[in-house]
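Contents: one structure, followed by commentary.
Note that the numbering runs from 1 along the sequence shown for the chain.
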Amino acid sequence: MGETAQDLELAFLDMSGTVFHDNGIMERAFERTVTGLGVDAGSERFGRMLDHVRGTLGQSKAGVLEQLFAAEPERARRAVRDFERHLDELLATEGVCPVEGAEQAITELRETGLRVCLATGYNRHSMNTILERLGWMGLADLSLCPSDAGRGRPWPDMVLTAVLALDLGDVRRVMVVGDTAADMQAGLRAGSAAVVGVRTGAHSADALRAAGAHVVVDSVRDLPGLVGVPPLRSG
């Protein structure tokens, strides 16, 4: 990979599927959104839409909904608003649960001297709600959502925004971590020398490697063990 673990300065961590489990609320919010717009949950169209949502996990949720209703701009705007409302309702009533050991892993990464950025494809309000429900406000050095950067994953914008916001000098010193192909693609496009897949979320180890992961581990709990061990070894 060129760089070794000792050279890292920032751990850029995806949230859903990487540091917390969403308990299915994203898909339920999506179902409520599109059925509210007249798409029958048992229809072929709904099935195609759900497949697209699952195939684009890790990407901006607003961007995915805009893709699904690209031919209907007004419905696309309504879909984004409705999805965010339904998601917030589900977060308020059901919440999310952390991946086992995630909080400790983040703390340990910071204790090694790394900065930590948490990133999501949700909007800022939903992200803050999740952090508050988990008791993680202030746990990381930085948190980012697509609107903070311009574009969500698979584009590199959020990774590069983190580098700028934390005044780092070299994007190769960023470890990008996530559970989806989009996370891997964003890390590679940004120029990270350490792109790490985790098995706790949406995509399989094979899919993560096919998307360019330099290493795949079982969980975010394994990340502190990678720091200071050159080179990172494939899981």
Side-chain angles (χ1 to χ4, degrees), residues 1-3 8-20 22 26 30 49 51-71 73 76-77 79-81 83-84 87 115-128 130-131 140-198 201-204 207-216 220:
M1 287 194 302
E3 294 289 338
L8 298 174
E9 295 182 306
L10 170 66
F12 180 95
L13 309 180
D14 167 60
M15 292 182 64
S16 182
T18 302
V19 297
F20 74 81
D22 84 345
M26 185 279 291
F30 167 76
M49 292 175 117
D51 286 344
H52 182 71
V53 168
R54 289 172 174 169
T56 54
L57 288 171
Q59 298 186 25
S60 162
K61 299 301 180 288
V64 171
L65 288 164
E66 288 166 355
Q67 293 167 18
L68 289 172
F69 292 97
R77 287 188 287 271
V80 172
R81 293 193 302 268
F83 174 81
E84 291 173 352
L87 180 67
R115 314 287 281 281
V116 174
C117 175
L118 296 174
T120 184
Y122 294 141
N123 67 18
R124 170 56 62 177
H125 180 265
S126 297
M127 181 183 206
N128 285 345
I130 291 167
L131 292 172
D141 298 277
L142 181 67
S143 63
L144 291 174
C145 62
S147 63
D148 296 323
R151 295 176 298 182
R153 294 159 296 200
W155 307 110
D157 301 32
M158 287 200 291
V159 180
L160 299 176
T161 296
V163 170
L164 293 171
L166 295 171
D167 197 26
L168 304 181
D170 191 339
V171 73
R172 290 172 296 178
R173 298 180 184 273
V174 180
M175 176 170 61
V176 175
V177 184
D179 68 302
T180 70
D183 296 309
M184 305 301 97
Q185 292 161 356
L188 293 173
R189 290 174 176 181
S192 168
V195 178
V196 181
V198 296
H203 293 163
S204 69
L208 294 168
R209 291 190 183 97
H214 296 132
V215 58
V216 177
V220 67

Query raised in the report: Between D141 and C117, is there a donor-acceptor pair closer than 3.5 Å when you use the side chain of the first and the backbone of the second?
Result: no
Query raised in the report: For the side chain of D148 and the backbone of C145, is there at least one donor-acceptor N/O pair under 3.5 Å apart?
Result: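 Side chain of D148 to backbone of C145, a donor-acceptor pair under 3.5 Å: yes, one is there.
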Rounded distance [0.5 Å steps], [atom1] in [X] versus [atom2] in [Y]:
X: S16; Y: L118; atom1: OG; atom2: CG; answer: 12.5 Å
X: E9; Y: L168; atom1: CD; atom2: CG; answer: 5.5 Å
X: R77; Y: E66; atom1: CZ; atom2: CD; answer: 9.0 Å
X: M15; Y: D179; atom1: CE; atom2: CG; answer: 12.0 Å
X: R172; Y: L8; atom1: CZ; atom2: CG; answer: 12.0 Å
X: T120; Y: F20; atom1: OG1; atom2: CZ; answer: 5.5 Å

Heavy-atom check, side chain of [X] versus side chain of [Y], under 4.5 Å:
X: M26; Y: F83; result: yes
X: R153; Y: D14; result: yes
X: K61; Y: F30; result: no
X: L131; Y: S143; result: yes
X: Q59; Y: P146; result: no
X: V53; Y: L68; result: yes
X: L166; Y: L142; result: yes

Query - Atom CG of D51 with >12 non-hydrogen neighbours under 6.0 angstrom - result: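 Yes, the 6.0 Å shell around CG holds more than 12 heavy atoms from other groups.
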Query raised in the report: Do Q67 and H52 meet the criterion of a side-chain donor-acceptor pair at a distance under 3.5 Å?
Result: yes
Smallest separation among heavy atoms of [X] and [Y], with atom names:
X: V80; Y: L65; value: CA-CD1, 4.0 Å
X: A202; Y: T180; value: CB-CG2, 4.1 Å
X: D157; Y: G150; value: OD2-C, 4.2 Å
X: A149; Y: T161; value: CB-OG1, 3.3 Å
X: L160; Y: A190; value: CD2-O, 3.9 Å
X: F12; Y: A162; value: CD1-CB, 4.0 Å

Report summary line: Partner of V195 under side chain to side chain contact (heavy atoms under 4.5 Å, CB included), picked from V174, V216, D183, L188, is L188
